[in-house]
Every structure is written in structure tokens, then in C-alpha cells.
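Just below is one structure, and these are the notes that go with it.
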Amino acid sequence: MPVLSGGTPPRVRDLTLLPKAHLHLHFTGSMRPSTLLDLAEKHGVHLPDALTGAEPPKLRATDERGWFRFQRLYDAARSCLRTPEDIQRLVREAAEEDVRDGSGWLEIQVDPTSYAPLLGGLIPALEIILDAVDSASRETGLGMRVLVAANRMKHPLDARTLARLAVRYADRGIVGFGLSNDERRGMARDFDRAFAIAREGGLLAAPHGGELAGPASVRDCLDDLDASRIGHGVRAAENPRLLKRLADRQITCEVCPSSNVALGVYEKPEDVPLRTLFEAGVPMALGADDPLLFGSRLAAQYELAREHHGFTDAELAELARQSVRGSAAPVDVRERLLGGIDAWLAG
Ligand SMILES: [Zn+2]
């Protein structure tokens, strides 16, 4: 911390105490690195070297090969989650980490299809996950819900099946429906039926867009999937008209700056267009995406905004408010978090 000439350090508010909502966190990607090592040993899984080092892996996903490598590491980590106990541990620790970072509401994103083979099928896998979320939420006091995410590398019919399942389990803690994986593959509109099922079932539509692909991919999410939130969406910054549209409709972008830099979407933290979105009035919810692979969690995203983009505490508080407003949290949780944000800023 720099010391002023008078010898008094400037007062800096602690960002881990700023109440916030975390809307972009993937299931396996939320795992603690130490837990991954434990589980790999427990199940006799040989992990790639990139996952066993002290540093997060070096990634560059701006081309298909780089993205494939990222997915392969993700798959290797996921293959260590084999029992209901593993799932419970993952979710409890994700909740603990979020609480430590000042999160008061977490929406965790999962494609249960990926866990189905080892957990007895799609429905058992989903039930194990939802039970784990419910227990972790009760144990830690953190409000938690689930986004079921379809994989755009798979057939759109699989996405429809998942959407129906997500709607059926809505009262067990599912609040939204997403679409993840390589935005350069397939068209958003191939998944329009799945999203219609989800929206008609009362789920919020939160597909990934505007990360690996440009503004057109965000537009597709709005036009074809009627998205009410965008996973990432940062590359909307390249198009002023799109920014205005997002701002006018108050579509929250789940912006994950550390992820963007780790995957090479932007070269340096200062290149992530946080200011552009903020000044355009586009609501953002900063998120960690896959801390296991990118090496930083929720509060670090706010630190990055402060350190590399000069966000003042008042602006950081506004970012936190935007995350809460963009969430599916019930009114009492929102009010508590918004009150906490005001108190943080006043304190
Ligand atoms: Zn993501």
C-alpha cells in the first residue's frame, strides 16, 4: 500500500466486504486447486501437468486449438468429480469461497449431462447437484441458485431436453437457462426452441455471447434467444448501437475480466472494456467464470476494476448494485444486499 508523505496510509475499503452477487461461475471451474489434487488422488486420476502446478495453466483460447486445450483441461478436472460426496464438497467450498469474497448470492452454472455418466444418469446427477446446492446454502448462509446450461457443441435437441428438465426442477432451485462452449460453433438460433421452453417455464435466459465472438453473437442472443442476461457480452463494446440497446433494455452482462485475459480475449487487464460498458450504462455483474483455471475469484474482479480501470469506491458500489439487480435473488435478499452496499460505501 503506498504511504502518503504524512505517513498515513490512504483509507481503502476492503472489497471482500462489499456485498455483491455472483452470476457467472461454472461448476467444475469453481473448484479449489487443492481439492482437485485431493480428488485426483482419491480416484487415481492422472491429471495433465498444467493442472498440477502452483500457477494456473497458460491458456490462449482465441483460436479453436487453444479453446480445445482449455476444454480438455476442464474435462480432466471434471473427471475427478465421481461421487455425490465429491459434488457436495465442490459446492460447499464454492459457497465458502464466495462468502469469503463478500458474495451474498451465487448463481452457479452447470450442464448436468456432463456429470450424468458417473452419477447414475441425468436426473440423478441433477438431483445430487440441487441437493448439494441446498445443503451448502443452508450451511454457509449464502443464497444459492442454479443455472442449467446447455452445450452449444451438442445437438439442439439435447438442449431442449435439458430445458424441459430445468423447468421441471425450477422449484428445486433452478432460476435460469444458459448456453456455453465455443461461440464460434453453430448458430444461437439453433437453440431457440430450447430457450423458448425455458422462458415459458419462467426461467431467465442467460446464454454466453460476445466473448470469443464479436458483437453479432450478442445480437443473436438478444434476437434469437430473447436473452435477459448475457454471459460475458464484453465485446458489445465494439458496437455503440449494441451498447445502447443493452443499456436501454438493462440487459446485464456477466463480465469476467480475469477470464478474458487468461483466455487471450484481451491482452492485458486494462484492455477489458469495463469503462466502455460502464459509461454506456450497460449493467454488469463481474464474475470469476472458472477460478480453477484462471487463478482468481470474485473479489479479485472488483480489485481489477479498481486497480486497472480506476473505479472509485462509489463506482465499485454501483457495480455491486448492478450485480444484485441483475440476479434472480428474491426481494428480501436484494434489499439486504443493496442496504449492505450502501453501508459499505458509507463506512
Ligand atoms: Zn462462462
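Hydrogens, waters and symmetry mates are skipped; everything else that's a heavy atom, side chains included, is used. Note that ligands are numbered from 1 as they come in the structure, with each ligand's atoms numbered from 1 the same way.
Side-chain polar atoms of His43 and Asp86 form a donor-acceptor pair below 3.5 angstrom.
Dense packing is recorded around NZ of Lys42, with more than 12 heavy atoms of other residues, nucleotides or ligands lying under 6.0 Å away.
Seen from the ring of Phe195, Arg189 does not count as a face-on cation partner, given the 6.0 Å and 45° thresholds.
Distances from the Zn ion (ligand 1) show that His208 has an N/O/S atom below 2.8 Å. Here His26 meets the criterion, with an N, O or S atom under 2.8 Å of the Zn ion (ligand 1).
Side-chain atoms of Gln250 do not come within 3.5 Å of backbone N or O of Leu246 as any donor-acceptor pair.
The Zn ion (ligand 1) forms the vertex of an angle spanning OD1 of Asp289 and NE2 of His24; to the nearest 10 degrees it equals 80°.
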